[in-house]
2 protein chains.
Amino acid sequence: MSHTKVLPLLEPEASGAVVPCCPPLTERPFTAEEAETAARMFKALGDPVRLRLFSAVASHEGGEACVCDISDVGVSQPTVSHHLKKLKEAGLLTSERRGTWVYYRVEPSVLAAMGRLLTMAPAAV
Amino acid sequence: MSHTKVLPLLEPEASGAVVPCCPPLTERPFTAEEAETAARMFKALGDPVRLRLFSAVASHEGGEACVCDISDVGVSQPTVSHHLKKLKEAGLLTSERRGTWVYYRVEPSVLAAMGRLLTMAPAAV
DNA sequence: CATCTATGTTGACATACGTCGAACCAGGGT
DNA sequence: ACCCTGGTTCGACGTATGTCAACATAGATG
């Protein structure tokens, strides 16, 4: 599974830049398809353990952390791995093995896109 | 159930102003308690139907909508009601009965707070 | 009061989800 | 080669979740 995977919330472009899937929630009613896409991201963050893991990675120095640095969240190590996988599948994290350790890092554009979703529609453009 | 209910993400104040529960996800690792609180919100938006309903209300004129205006999301009416209740319990929506119809409206501060959660930690303040 | 329309509630069901222990894979020493 | 440590995958289990049909409730209106 090392080939490029489709990110749910963002459409990757050739340059590596990404374009958000959906307008702000407040702009117009989401279509079924938009909702399906965006909900996948929210769902991924909708578990306390996953949210802690994500926050731990996101706030870690350099925007990345190895599993050993963040796996102290009160669940077994397989469960940590399971949740990290979920976050990866949701397009929120990427992982890379370097020697003994596996490093996870956040996809910054995804954070920005999710933030945009929750933006109040600007009164005037 | 008409008495004031505790909002999960925000602590209501006397004035009606609210104060966010958590710092940006990228600022520092979330505590278990913070994660529990914030995850409840993300979870509420983690279902496509709920996300559509929420978006429909949020984007509706005046920031509010009656159920009849937004219940065309492809599921039965009881299911719509169920999801609206979930959104209410998560502190994302409030409801008010006016005559025959029940109107739902978004809690604007909650949107702002969630947006802040997804903010990149500003390099300099 | 009878009844109609708009919502909410209940009970039941299938599926999804979070969790764990055990087994398994990958690298790095020794 | 061997084993040790870090991490993932597998299989199983209990619980939560989304969904619907049926019933219940709240106002409006005749």
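The figures here come from the full heavy-atom set of this structure, side chains too, leaving out hydrogens, waters and symmetry mates. First the proteins, then the strands, lettered A, B, ... as listed; each starts at 1.
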| request: Treat primed atoms plus P, OP1 and OP2 as sugar-phosphate and everything else as base, then score nucleotides 25-30 of chain C 5' to 3': B for base contact with protein heavy atoms under 4.0 Å, S for sugar-phosphate contact only, - for none. | output: -SSS--
| message | Please determine whether a side-chain nitrogen of the Lys or Arg among B:E34 and B:R28 lies less than 4.0 Å from a carboxylate oxygen of the Asp or Glu. | response | yes
| task | Within residues 70-84 of chain B, find the residues that approach DNA chain D with a heavy atom at under 4.0 Å, and present them sorted by residue number. | result | B:V75, B:S76, B:P78, B:T79, B:H82, B:H83
| query | Which residue pairs pass the salt bridge (Lys or Arg N to Asp or Glu O under 4.0 Å) test with at least one member in residues 57-84 of chain B, sequence neighbours excluded? | reply |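 Qualifying pairs, neighbours excluded: B:E64-B:R98, B:E64-B:R105.
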| field | Donor-acceptor contact below 3.5 Å, side chain A:R116 vs main chain A:C22 | value | yes
| message | With a 3.5 Å distance limit and no angle check, can you tell me whether B:R40 reaches the backbone of B:G91 through a side-chain donor-acceptor pair? | response |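 No; judged by distance alone, with no hydrogens or angles, the pair does not exist.
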| What closest approach, in Å, do B:P29 and A:S55 show between heavy atoms, and which atom pair accounts for it? | CA-OG, 3.3 Å
| message | Within the 4.5 Å heavy-atom criterion, are B:L25 and B:T119 side-chain neighbours or not? | response |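 They are not in contact (no side-chain heavy atoms under 4.5 Å apart), so the answer is no.
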| task | Please examine the side chains of B:L92 and B:M114, heavy atoms only from C-beta on, and report whether any two atoms are closer than 4.5 Å. | result | yes
| message | Taking only side-chain N and O atoms of A:K86, does any of them lie within less than 4.0 angstrom of OP1 or OP2 on C:dG18? | response | yes
| query | So, is A:K85 close to the D:dT9 phosphate, meaning a side-chain N or O under 4.0 Å from OP1 or OP2? | reply |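 Yes, because at least one side-chain N or O of A:K85 sits under 4.0 Å from OP1 or OP2 of D:dT9.
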| field | Nearest listed nucleotide, side chain of B:K43, among C:dT7, D:dA16, C:dC17 | value |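 My answer, after comparing the listed nucleotides, is D:dA16.
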| request: When you get a sec, tell me which of C:dT9, C:dA16, D:dT8 is the closest nucleotide to the side chain of A:V102? | output: D:dT8
| said: Within the 4.0 Å heavy-atom criterion, would you say A:Y104 contacts the bases, only the backbone, or no part of the nucleic acid? | reply: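 Sugar-phosphate contact only.
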